[in-house]
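This report refers to the structure that appears directly beneath it.
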Amino acid sequence: MKTFFMQIKCDLGKSYEVASALADAEIASEIYSTAGNYDLLAKFYVDDEEDVGHFVNEKVQIIPGIKDTFTVVTFRAF
């Protein structure tokens, strides 16, 4: 499994709707609200064969209310 994190910037007033949509889609293992430049932080796992870019474009960025994303791909857990 590949692990990656995504910071998500939402349209104004849409953070809770986006977080609910992510939870309902059951694609994120963890979802947090954050302060700063982004509104949400989500943790994802995909199979080793799955392309992170396609996953992000086809399953996450299509959610209404998402304005911008920043993806952090991880390599190893300590």
Side-chain angles (χ1 to χ4, degrees):
M1 296 291 280
K2 291 187 251 185
T3 306
F4 66 96
F5 294 84
M6 233 180 162
Q7 292 180 285
I8 300 168
K9 187 179 294 184
C10 303
D11 291 328
L12 292 176
K14 300 295 181 180
S15 297
Y16 286 96
E17 291 176 28
V18 171
S20 291
L22 282 169
D24 290 345
E26 297 181 352
I27 57 174
S29 66
E30 299 173 49
I31 306 164
Y32 299 93
S33 59
T34 60
N37 293 329
Y38 290 87
D39 304 301
L40 302 172
L41 175 68
K43 183 178 184 180
F44 298 91
Y45 294 98
V46 294
D47 290 329
D48 288 330
E49 308 83 41
E50 192 164 3
D51 182 75
V52 171
H54 282 277
F55 180 90
V56 167
N57 281 287
E58 297 165 7
K59 296 189 178 170
V60 180
Q61 291 179 336
I62 62 164
I63 294 174
I66 292 180
K67 186 175 187 171
D68 190 18
T69 61
F70 180 79
T71 303
V72 177
V73 179
T74 61
F75 299 102
R76 180 178 173 187
F78 294 93

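Since we're looking at a predicted model, the values are computed, not measured. Numbering starts at 1 and runs along the sequence shown.
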*Would you mind listing every salt bridge (Lys or Arg N to Asp or Glu O under 4.0 Å) that reaches into residues 25-42, with sequence neighbours excluded?*
E30-K43
_Sequence neighbours excluded - salt bridge (Lys or Arg N to Asp or Glu O under 4.0 Å) pairs with any residue from residues 65-78_ = none
*Please check if L40 and F5 belong to a single hydrophobic cluster, counting links between Ile, Leu, Val, Met, Phe, Trp and Tyr side chain heavy atoms closer than 4.5 Å.*
no
_Same apolar cluster (I L V M F W Y, side chains within < 4.5 Å links), V46/L41_ = no
*Who pairs with E49 by salt bridge (charged side-chain N to carboxylate O under 4.0 Å, His left out), at least two apart in sequence or on another chain?*
none
*Check salt bridge (charged side-chain N to carboxylate O under 4.0 Å, His left out) between K59 and all other residues, then give those that pass, not counting sequence neighbours.*
E50
Listing, residues 8-25 side-chain donor-acceptor contacts under 3.5 Å, not counting sequence neighbours, or none:
{"residue": "S20", "atom": "OG", "partner": "Y16", "partner atom": "O", "Å": "3.0"}

_side chain to side chain donor-acceptor pair (under 3.5 Å) involving T69 - partner list, sequence neighbours excluded_ = Q61
*asked:* Closer than 3.5 angstrom, by distance alone: can the side chain of T74 be matched with the main-chain N or O of T3 as a donor-acceptor pair?
replied: yes
*Hydrophobic cluster (4.5 angstrom, side-chain heavy atoms) - remaining members for M1*: Y45
_Qualifying residues under side-chain contact (heavy atoms from CB on, under 4.5 Å), relative to D51, sequence neighbours excluded_ = H54
*For T71, which residues count as a side-chain contact (heavy atoms from CB on, under 4.5 Å) partner, sequence neighbours excluded?*
F4, M6, V52, V56, V73
*Provide the full list of ring pair (Phe, Tyr, Trp, His ring centres under 6.0 Å) pairs with a residue in residues 56-78, sequence neighbours left out, each pair given once.*
none
